[in-house]
Amino acid sequence: MIPIEGQLILTAAEIRAAEERAIAAGSNVEELMERAGAGVAEAVRRLAAGAPVLILCGPGNNGGDGYVAARILRANGVAVRAAADDLSTSNAATAAREKCDVAIESVSAAHGSPVIVDALFGTGLSRPLDRSLQAALTRLVGDARLSLAVDLPSGVATDDGAVLGDVPCFDLTLALGALKPAHMLQPAASKCGTVRLIDIGLNDVASQCRVLAKPGLVPPAIDAHKYSRGLVAVVGGAMPGASTLAAEAALRAGAGYVLLFSSDPSDAPHALVRKKWSVAALGEALDGKKAVSIVVGPGLGCGKDAAAKLDAAIATDRPLVIDGDALHLLDARRTEALASRRGGTVLTPHAGEFKAAFGDYTGSKIDAARQAAARSGATIVFKGPDTVIASPDGEVIVAAAASSWLSTAGTGDVLAGATGAMVAAGNPPEAAVWMHAESARRLGGAFIADDLARELSAVRAAL
């Protein structure tokens, strides 16, 4: 079982193409099925710890993987049962069923087992399970001590993360060959439990989408100074607390100098420099500096002054992070202006802000973020329990589900500030997403955004 950090994510069409390339290179479906079933069997054998196992097998190749796993488990002395309601529909699955020396019972009539393995339906499902089969799966998983899904939990859509009916939650999902969008996108990801990858020998695998991994950041160079580490200019507005949170987060994420354009005297680190806003003051602050970024949006408001500040920031040729209120100001004219900026732009919307900036979308969150990035010329950090980071070149990174305690006011401002610190120093914005999630993980629960900003110091120091 392989951890998923940094692994490629393939759609149903991409995984089928990879399998076809493997077959063209000399493998066959039966060999791929044997490798998949062997990988599942090894994972089940280790985790079952001698407990009896029930494998539910569907009519397709996912069921064939289950039959192979059952055969191998039986050969290794595991008390294993198999259940299926339909005959196999593919030649490889039929051959696997015929080789399986385990008696096959009905799924609907099967009694429970301490360990349940769902090999009913995997990649490519487009409709809900039959009601009686769905009820049996829910019952058996609910009664089990340990539940595992082969490739995907039966009843989730591969490419967009939709849940097709009443899908139970599994403890572990074993992704075959590559991760799929449903392993990462909600609500399907919440049904998968822990996800691990099983290598089935798909060597010629290509994708522009992968899972977020721990960033390879380094400490400041021995000759570093505050400006080489990055200057972040945060443009404040109607709600100064939000911009102060973003500024503190930028400091604690590693920026060498943070300038907050706000005259509000709210409590903040003494290291934070404050100035009164003007376009001239912004230009003066950035003049001659190489490692800089601008953060605009947290607490900005939506009035004329806010729009003027956003326009001034867009007009610069420096890296720019746009968040919060500023995203609601991105009309067609401003979005077009983003595409021609030389300094690079990062947009960090949650679902409501994404809709305000780009409208409703169909398809997956990955598709939506990728299309928004292409349209705006900006990197899109589409926040949420399944944060998607899309670049204008089509590359996409998806973060594993972060702490649900992040659902509190101000945590998005913290992410915006941390993102500003990363891009000012020439680091990728996804590093900020990772640090943000890691800070939340370390805090545990019931934290507030101020706690999250402060925790960034320890997280950045540990990298």
Side-chain angles (χ1 to χ4, degrees), residues 160 185-186 234-239 242-243 245-246 293-316 318-399 406-407 409-420 422-423 429-430 432-433 436:
D160 63 6
L185 298 179
Q186 299 297 344
V234 179
V235 180
M239 298 178 64
S243 55
L245 270 174
S293 72
I294 305 168
V295 176
V296 61
L300 186 66
C302 293
K304 290 183 178 180
D305 288 347
K309 289 176 179 178
L310 175 59
D311 287 336
I314 292 174
T316 70
R318 301 309 184 95
L320 174 62
V321 178
I322 300 178
D323 182 53
D325 293 333
L327 292 165
H328 289 271
L329 298 172
L330 284 182
D331 55 16
R333 176 183 63 81
R334 294 187 176 99
T335 301
E336 184 178 346
L338 294 182
S340 61
R341 294 190 76 250
R342 290 186 297 164
T345 309
V346 181
L347 310 183
T348 58
H350 56 53
E353 293 162 346
F354 187 93
K355 181 178 180 179
F358 299 104
D360 290 320
Y361 65 89
T362 57
S364 75
K365 189 172 180 177
I366 291 172
D367 294 336
R370 185 178 269 146
Q371 291 163 9
R375 174 181 164 188
S376 64
T379 296
I380 306 295
V381 180
F382 194 168
K383 299 180 295 192
D386 48 3
T387 295
V388 175
I389 305 131
S391 302
D393 63 3
E395 293 290 333
V396 173
I397 299 172
V398 186
L406 284 168
S407 55
T411 57
D413 305 318
V414 172
L415 178 59
T419 303
M422 290 300 101
V423 298
E430 59 264 27
V433 175
H436 190 257

Could you measure the distance from the CD1 atom of I366 to the CD atom of Q371? Nearest 0.5 Å is fine.
12.0 Å

Testing the basics here: between A326 and L300, what is the closest heavy-atom pair and its distance to 0.1 Å?
CB-CD2, 4.0 Å

Heavy atoms of A242 and G299 approach each other most closely as CB-N, 3.5 Å

Using every non-hydrogen atom in the two residues, find where T345 and L338 come nearest and quote the distance to one decimal.
CG2-CD2, 4.0 Å

Could you state the interatomic distance from CD1 (I322) to OG1 (T419), rounded to the nearest 0.5 Å?
12.5 Å

Shortest non-hydrogen contact from A306 toward G301:
CB-O, 3.2 Å

Output the distance between atom NZ (K383) and atom CG (D323), rounded to the nearest 0.5 Å.
4.0 Å

Counting only N and O atoms by type, is there a donor-acceptor contact under 3.5 Å from the side chain of R370 to the main-chain atoms of G394?
yes

So do the side chains of I397 and V433 get within less than 4.5 Å of each other, counting heavy atoms only?
no

For the residue pair T348 and A416, what are the closest heavy atoms and their distance?
OG1-CB, 4.5 Å

Are any non-hydrogen side-chain atoms of I380 and R375 less than 4.5 angstrom apart?
no

Using side chain to side chain contact (heavy atoms under 4.5 Å, CB included), reason through T379 and V423 one step at a time and then give a plain yes or no.
CA-CA 11 Å; T379 296; V423 298; over 6 Å; no

Would you tabulate the side-chain donor-acceptor contacts of residues 384-392 under 3.5 Å, counting partners in other chains and residues two or more places apart, or write 'none'?
residue, atom, partner, partner atom, Å
D386, OD1, K365, NZ, 2.8
D386, OD2, Q186, N, 2.8
T387, OG1, G384, N, 3.3
T387, OG1, G384, O, 3.0

Using distance only, find each side-chain donor-acceptor pair of residues 349-356 under 3.5 Å and give its atom names and separation, not counting sequence neighbours.
residue, atom, partner, partner atom, Å
H350, ND1, G352, N, 3.2
H350, ND1, E353, N, 3.3
H350, NE2, E353, OE2, 3.2
E353, OE1, H350, N, 3.0

Are the side chains of S364 and L185 in contact, using a 4.5 Å heavy-atom criterion?
yes

Would you confirm whether R334, through its side chain, and L329, through its main-chain N or O, come within 3.5 Å as a donor-acceptor pair?
yes

Got a second to check how far I314's CD1 is from K309's NZ, nearest 0.5 Å?
14.5 Å

Working to the nearest 0.5 angstrom, can you tell me the gap between Y361 OH and F382 CZ?
4.0 Å

Could you measure the distance from the NE2 atom of H436 to the CG atom of L415? Nearest 0.5 Å is fine.
5.0 Å

Write down the atom of V234, the atom of S243, and the distance for their closest heavy-atom approach.
CG1-O, 3.6 Å

